[in-house]
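So the structure is just underneath, and the comments pick up after that.
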There are 2 protein chains.
Amino acid sequence: MVTLAEVAQHAGVSPSTVSYVLSGKRSISEPTRRRVERAISELGYHPNAGARALAGKRSHIIALVVPLRTDVYVPIMMEIAISVTMTARSHGYDVLLVTNDEGPDGVRRVAASGLADGVILMDVELDDERIPVLRELGSHAALIGLPADTTGLSCVDHDFATAGALCADHLADLGHRDVAFVGYAPQVYQRHAGYAERTLSGFRERARERGLRILHRPCEGSFESTAGVLGRILDDRPATTGFVVQNEGALGPLLSLLRTSGRIVPEDASVVALCPEPLAEQNSPRLTAVTGPAQDLGRQAVELVLKRIGGATTPEVTLLTPVLTPRESSGPAPLTAAPARRLPAPQTPADVENSHAQPLP
Amino acid sequence: MVTLAEVAQHAGVSPSTVSYVLSGKRSISEPTRRRVERAISELGYHPNAGARALAGKRSHIIALVVPLRTDVYVPIMMEIAISVTMTARSHGYDVLLVTNDEGPDGVRRVAASGLADGVILMDVELDDERIPVLRELGSHAALIGLPADTTGLSCVDHDFATAGALCADHLADLGHRDVAFVGYAPQVYQRHAGYAERTLSGFRERARERGLRILHRPCEGSFESTAGVLGRILDDRPATTGFVVQNEGALGPLLSLLRTSGRIVPEDASVVALCPEPLAEQNSPRLTAVTGPAQDLGRQAVELVLKRIGGATTPEVTLLTPVLTPRESSGPAPLTAAPARRLPAPQTPADVENSHAQPLP
DNA sequence: TTGTAAGCGTTATCAA
DNA sequence: TTGATAACGCTTACAA
């Protein structure tokens, strides 16, 4: 193993000079720098990470804590992980992968040992148990997702409320009046994953403003559950012509089911998805969708932690604006909607929202 | 920050004793151990990772090099990454995420700097440019995937040849005679990703043994390309009743298209997928599929590197046996196949394989 | 502009 | 069974 001392000797300079050439923390004369750089490449020198961390009090590692759950759309997690890694690299940092099965202890371990200089938490819950650890250790951190209490924390997230609102606007603009919102599984809401609720309430509010009648249905995302949900929607609100789909798993099934039931998309029914671009593109018809910039999430998170590692103390909360891309799955509301009829069966209140429904004809 | 020396003082023992209590590398009297352990928890001591790495010549970190490409099924990559991380943790190791955009230099960097004690390479290509670096540095490594030359290397991979063979067997058992193989995009074969070819040749060989007539078609995986591919298959071999689908992206489109063209699965056509379980389950009908154990891939890779880090020098190549799970998408070949007719258009030889076709009637 | 030298917090060797 | 103590390879005042 080649050490800095050996490089120094080879170049005929002192060890500190080599160190400074490497770190750029003091000015070096051109000839000296060249001699050192030659020695480095001739000997194939690579600074020892452990020694650097020990002496410099900085591991140049960021820990990324990823969820184990698979009810999040996995490719997006991966996209974030990759953008985190690449952004970190561009700042001279490496990324340590920590899985959430260690729970709060995982965070404690990597932060307290100095293994990582900072921590990025993915899939943050409203009342996340890892946050107290962060506060206790005074760790440098950035959260992807918004907890209930962001005091003192740096966070990035999609602006889910706007995402929901964009869906309502788009369908309202197209003349739809009865719109169903196909949500996530009940567990997701129960876990109080903020994004699910923020999207829904952004949608709800804008729907109210635009005078839409809406129906919110949680959905597991499997074919069967989607079939059940769609069936109940069409039973309860036969005049429904717009669908906003939050649960990506329900997209494929929903499209099949609409087709099977003889409804053409977008002539008879419009579908707006809350999902990543590739997913929207690979369906048939291609889906009008609201998408947030996943890569920016990772990039920003890294920049937030690095700022904190660099000494910044002001927490920042950034919400990234999503974009609605119209594709083939949405169009003007049909002029003659399916004949509205009275709801056939009793409804459970938890299940149905007649938010601001005008009385059915 | 609490140091080992402080713990020693607090416990009234020497620093080395504390170190040995932690590492278990020499026997400690029960009372001493208890005093030390109490001091550790009272002070909230966490050993400094950098110091440990420097003094111990072991970072307790494994680097996992992941591909950037998205033509691999991403959830599987994630599953592997997670099983790698968890297995590593269970051995006291952490995992550093390295993206392949750094190329061979990324491997060099983490290995030569002592940042990582070992390296796991994902998505290994037949002639992978990272392998020479491994050899040059004498790094401890495990590969997920089989390169052309495995000399001196430890590797794990699925037994893709068997996977292909299982598909052929299954369809042959069900009485199918004309089977189409919907493959990956041409680039994948050109990149010589071993798995694509090994699956295909395993399939081919078994198909020959079983007397199947096969047609191999590369496919991009998009709806359009799948439509094109299916169209050509049905043109060229109207009697085709079995489909083996290697490109997961083509699955959804293929099922839709078969339905659209009036073919019921599995009554008129059987589909066997080479894909992960969740994907097979979430289609409708649920797909008969051949699946390899992704988690084992990660687990084994970790165990292989750790063996090498521990001093083992014998390379091991492990192939994990895939399993075919029959579901709803495959059934007996229809008694009256669509009437065979002469191929309507000239074929490009690269495109079609009449491997061992009997002359058409 | 460059050099000297004192740490950084462990591990592990050598003694006791 | 335990204790001193010399590395480990780098960073960074402090000097020159």
Side-chain angles (χ1 to χ4, degrees), chain A residues 1-37 39-40 43-61 92 94 109-117 309, chain B residues 1-37 39-40 43-61 92 94 109-117 309:
Chain A
M1 186 207 191
V2 186
T3 71
L4 179 144
E6 292 170 330
V7 173
Q9 197 163 21
H10 192 89
V13 299
S14 77
S16 60
T17 299
V18 176
S19 176
Y20 284 119
V21 166
L22 251 30
S23 70
K25 287 188 181 172
R26 81 180 181 192
S27 49
I28 303 285
S29 71
E30 218 18 61
T32 306
R33 142 168 298 116
R34 256 198 297 278
R35 283 219 311 289
V36 171
E37 276 162 355
I40 287 178
L43 298 181
Y45 168 70
H46 286 265
N48 179 280
R52 197 159 85 109
L54 178 56
K57 314 193 166 316
R58 206 105 286 178
S59 67
H60 296 270
I61 290 179
D94 270 288
R109 190 173 60 77
V110 297
S113 66
L115 216 198
D117 298 334
I309 292 173
Chain B
M1 184 206 191
V2 185
T3 70
L4 179 145
E6 292 169 331
V7 173
Q9 197 162 20
H10 192 90
V13 299
S14 77
S16 56
T17 299
V18 177
S19 176
Y20 282 118
V21 167
L22 253 28
S23 70
K25 288 188 181 171
R26 78 181 183 193
S27 49
I28 304 284
S29 70
E30 217 19 60
T32 305
R33 140 167 298 116
R34 257 198 297 279
R35 284 220 309 291
V36 170
E37 275 162 355
I40 287 178
L43 299 181
Y45 168 71
H46 286 267
N48 179 281
R52 197 158 87 107
L54 178 56
K57 313 196 165 317
R58 204 107 285 176
S59 66
H60 296 269
I61 289 177
D94 271 289
R109 190 173 57 79
V110 297
S113 66
L115 216 198
D117 297 335
I309 292 174

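Within every chain, numbering begins at 1; the chains are lettered A, B, ... in the order of the sequence lines, protein sequences first and strands thereafter.
- Atom NE2 of residue B/His46 and atom CD1 of residue B/Ile40 lie 10.0 Å apart, to the nearest 0.5 angstrom.
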I would like to know whether B/Thr3 and B/Asn48 meet side chain to side chain contact (heavy atoms under 4.5 Å, CB included); could you show each step before the answer? CA-CA 8 Å; B/Thr3 70; B/Asn48 179 281; over 6 Å; no
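- Rounded to the nearest 0.5 Å, atoms CZ (A/Arg26) and OG (A/Ser16) are 5.0 Å apart.
- Proximity of a side-chain donor or acceptor of A/Asp117 to a complementary backbone N or O of A/Ser59 within less than 3.5 Å is detected.
- Using a 4.5 Å heavy-atom threshold, the side chains of B/Pro47 and B/Leu22 count as touching.
- Protein chain A contacts DNA chain C from C/dT1 to C/dG9, reading 5' to 3' and using non-hydrogen atoms of the protein with a distance under 4.0 Å.
- Note on the helix from C/dT1-D/dA16 to C/dA16-D/dT1: angle between the axes of the first and last five pairs equals 30°, rounded to 10 degrees.
- In this structure, the side chains of B/Val18 and B/Val13 come closer than 4.5 Å at one or more pairs of heavy atoms.
- A/Leu115 contributes atom CG, which lies 5.0 Å from atom CD1 of B/Ile61 (distance to the nearest 0.5 angstrom).
- Remark: B/Ser113 OG to A/His60 NE2 distance equals 11.5 Å, nearest 0.5 Å.
- B/His10 has its side chain out of reach of B/Val36: every pair of non-hydrogen atoms, C-beta onward, lies at least 4.5 Å apart.
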Please encode protein proximity along nucleotides 9-16 of chain D as a string of B, S and -, counting only heavy-atom distances under 4.0 Å. BBBBBB--
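- Taking OH from B/Tyr45 and CD from B/Glu37, the interatomic distance works out to 13.5 Å, rounded to the nearest 0.5 Å.
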